[in-house]
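Below: the structure, in structure tokens.
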Amino acid sequence: MDLRELRYFVAVAEELHFGRAAVRLHMTQPPLSRAIKQLETDLGYVLLHRSPSGVALTPAGASLYDEARTLLAQADQVRAKVAGAAGAATMTIGTLAEQVGTRLAAVYRERHPGVHVRIREADLSDPTTGLRTGLADVALTRIPFDDTGISTHVLRTDPVGVVLRADDPLAGRESLHTDELADRPWFRFPEGTDPIWQAYWNGPGGGRRDGPVVRTVHECLQTVLWNGSVGLTPLGHTLPEGLTSVPLVDMPPSRLVVAWAGSDPGPLIRSFVRIAATVVGGKAD
């Protein structure tokens, strides 16, 4: 039994499906299945009940899952400490002004006190927040976008609403349909923005009236406040005074993710992903 096999097992245990776990691990399914079978042989216990629809953990598998997550987290901490001893470790976190609270920073600092963290707030034209250009090591962002060469882990799924001025005639509604906003100007992203990302934030169906070009979340909110343009937001975000949000019934939810470039992010980023999944995504340690 080695750490590689434990990482494979944790992925299968969390996805409860060999195919999805293989995609997550950036590998094909046959070698993953063989590795899990070898792990079961080494331990002498069946870890997974297999069926055509997926897998389920056996009692032995559930026990190993808890222990494996602890061991993998400890291994990442050991690597991070060794890296820190070799020289000051740094990590740049890219963000689109996501509101994830202060606990994520507090927990990461507690576990990695020697790591210097830089924050890079990107504009809305780059949902990867600089991962492809090397300006960020890990990102707190939202999908969908072109994720070629980018790995993601979903932390949370949020409903989406429209941002309106508090005195807007529609502001008191319990919910809205995007067709009711067809006569309003919708904000636009700068030329060259990822088309998958732009299409999502243009709302279902597209074909909206072109409004002002915005580059940041702040610009988007100020455009709503001053011009009455349509802005969208994940519900639950704190809005400035004078603005409110109304749920959109036909808008698909927005998924908050932690993202990184490539398939092997290294111990510092793996640890960040685990901590984010626990603190933001609500998984137990």
Side-chain angles (χ1 to χ4, degrees), residues 91-106 117-133 135-146 150 152 155-171 176 178 181 184-203 206 208-248 251-259 276 280:
M91 182 176 68
T92 300
I93 302 173
T95 178
L96 295 174
E98 278 300 332
Q99 300 173 9
V100 295
T102 59
R103 188 164 173 253
L104 175 57
V117 175
R118 300 188 182 102
I119 301 297
R120 179 180 188 270
E121 187 169 321
D123 66 41
L124 294 171
S125 65
D126 179 18
T128 75
T129 73
L131 289 177
R132 284 201 173 92
T133 57
L135 295 175
D137 300 307
V138 65
L140 290 168
T141 184
R142 290 185 176 271
I143 53 178
F145 57 78
D146 177 9
I150 303 291
T152 60
L155 300 176
R156 192 178 68 213
T157 300
D158 298 316
V160 174
V162 59
V163 182
L164 300 170
R165 284 198 299 252
D167 61 356
D168 190 288
L170 299 177
L176 288 168
T178 52
L181 304 165
R184 307 282 186 102
W186 285 58
F187 69 78
R188 294 178 295 145
F189 292 145
E191 189 174 344
T193 296
D194 179 341
I196 298 174
W197 170 255
Q198 173 127 356
Y200 174 83
W201 291 106
N202 277 348
R208 313 298 178 188
R209 282 183 56 195
D210 285 344
V213 173
V214 298
R215 289 186 171 276
T216 67
V217 173
H218 179 72
E219 284 183 11
C220 176
L221 296 176
Q222 290 300 308
T223 297
V224 175
L225 189 63
W226 287 91
N227 300 321
S229 301
V230 169
L232 303 183
T233 184
L235 295 178
H237 275 202
T238 302
L239 297 174
E241 184 179 357
L243 295 177
T244 188
S245 60
V246 178
L248 286 172
M251 184 72 186
S254 171
R255 289 174 290 171
L256 175 67
V257 300
V258 57
V280 182

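Being a predicted model, the structure only gives us computed values, none of them experimental. For the numbers below, each heavy atom of this structure counts, side chains included, while hydrogens, waters and symmetry mates do not.
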Walk me through it: do Trp201 and Val160 pass the test side-chain contact (heavy atoms from CB on, under 4.5 Å)?
CA-CA 10 Å; Trp201 291 106; Val160 174; 4.3 Å; yes
One pair to check against side-chain contact (heavy atoms from CB on, under 4.5 Å): Ile119 and Thr95. What are the steps and the verdict?
CA-CA 7 Å; Ile119 301 297; Thr95 178; 4.0 Å; yes
Rounded at 0.5 Å granularity, tell me how far CG in Leu170 sits from OG1 in Thr244.
11.5 Å
Closest approach of Val138 and Met91, non-hydrogen atoms and distance?
CG1-SD, 4.1 Å
Evaluation steps, side-chain contact (heavy atoms from CB on, under 4.5 Å), between Phe189 and Trp197
CA-CA 10 Å; Phe189 292 145; Trp197 170 255; 3.4 Å; yes
Give a yes or no answer on whether the side chain of Gln198 reaches the backbone of Asp194 with a donor-acceptor pair at less than 3.5 Å.
no
Under 4.5 Å between any side-chain heavy atoms of Leu221 and Leu225, yes or no?
no
Atom pair CD (Glu191) and OG (Ser125), whose distance is rounded to the nearest 0.5 Å:
11.5 Å
Between Asp168 and Arg184, does any NZ, NE, NH1 or NH2 come within less than 4.0 Å of an OD or OE carboxylate oxygen?
yes
From CG (Leu235) to CG (Leu248), nearest 0.5 Å:
8.0 Å
For Phe145, is there any backbone N or O sitting under 3.5 Å from a side-chain donor or acceptor partner on Tyr200?
no
A side-chain contact here means heavy atoms from C-beta on lying under 4.5 Å apart; do Leu232 and Val162 qualify?
yes
Do Ser229 and Pro212 come close enough that some side-chain heavy atom pair is under 4.5 Å?
yes
Arg255 CZ to Thr157 OG1 distance, which is reported to the nearest 0.5 Å
6.5 Å
Rounded to the nearest 0.5 Å, how far does OG1 of Thr129 lie from CG of Leu124?
11.5 Å
Quick one: OG on Ser245 to CG on Leu164, what's the gap to the nearest 0.5 Å?
8.5 Å
Quick test of your reading of the model: are Asp158 and Arg142 salt-bridged, counting only N-O distances below 4.0 Å?
yes
So, the side chain of Arg120 versus the backbone of Ala136: is there a donor-acceptor pair under 3.5 Å, distance only?
no
State, yes or no, whether a side-chain contact exists between Leu140 and Leu96 at a heavy-atom distance under 4.5 Å.
no
Minimal non-hydrogen separation, Gly211 against Pro185, with atom names
CA-CB, 3.8 Å
pair Arg156-Val280: side-chain heavy atoms closer than 4.5 Å
yes
Decide yes or no on side-chain hydrogen bond (donor to acceptor under 3.5 Å, both in side chains) for Thr128 and Asp126, but give the supporting numbers first.
CA-CA 5 Å; Thr128 75; Asp126 179 18; 2.7 Å; yes
Before you tell me yes or no, could you show the steps for Val224 and Phe187 under side-chain contact (heavy atoms from CB on, under 4.5 Å), namely the whole-Å CA-CA distance, both residues' side-chain angles and the distance that decides it to 0.1 Å?
CA-CA 9 Å; Val224 175; Phe187 69 78; over 6 Å; no
Contact between Leu176 and Pro247 at the side-chain level, heavy atoms closer than 4.5 Å - yes or no?
no
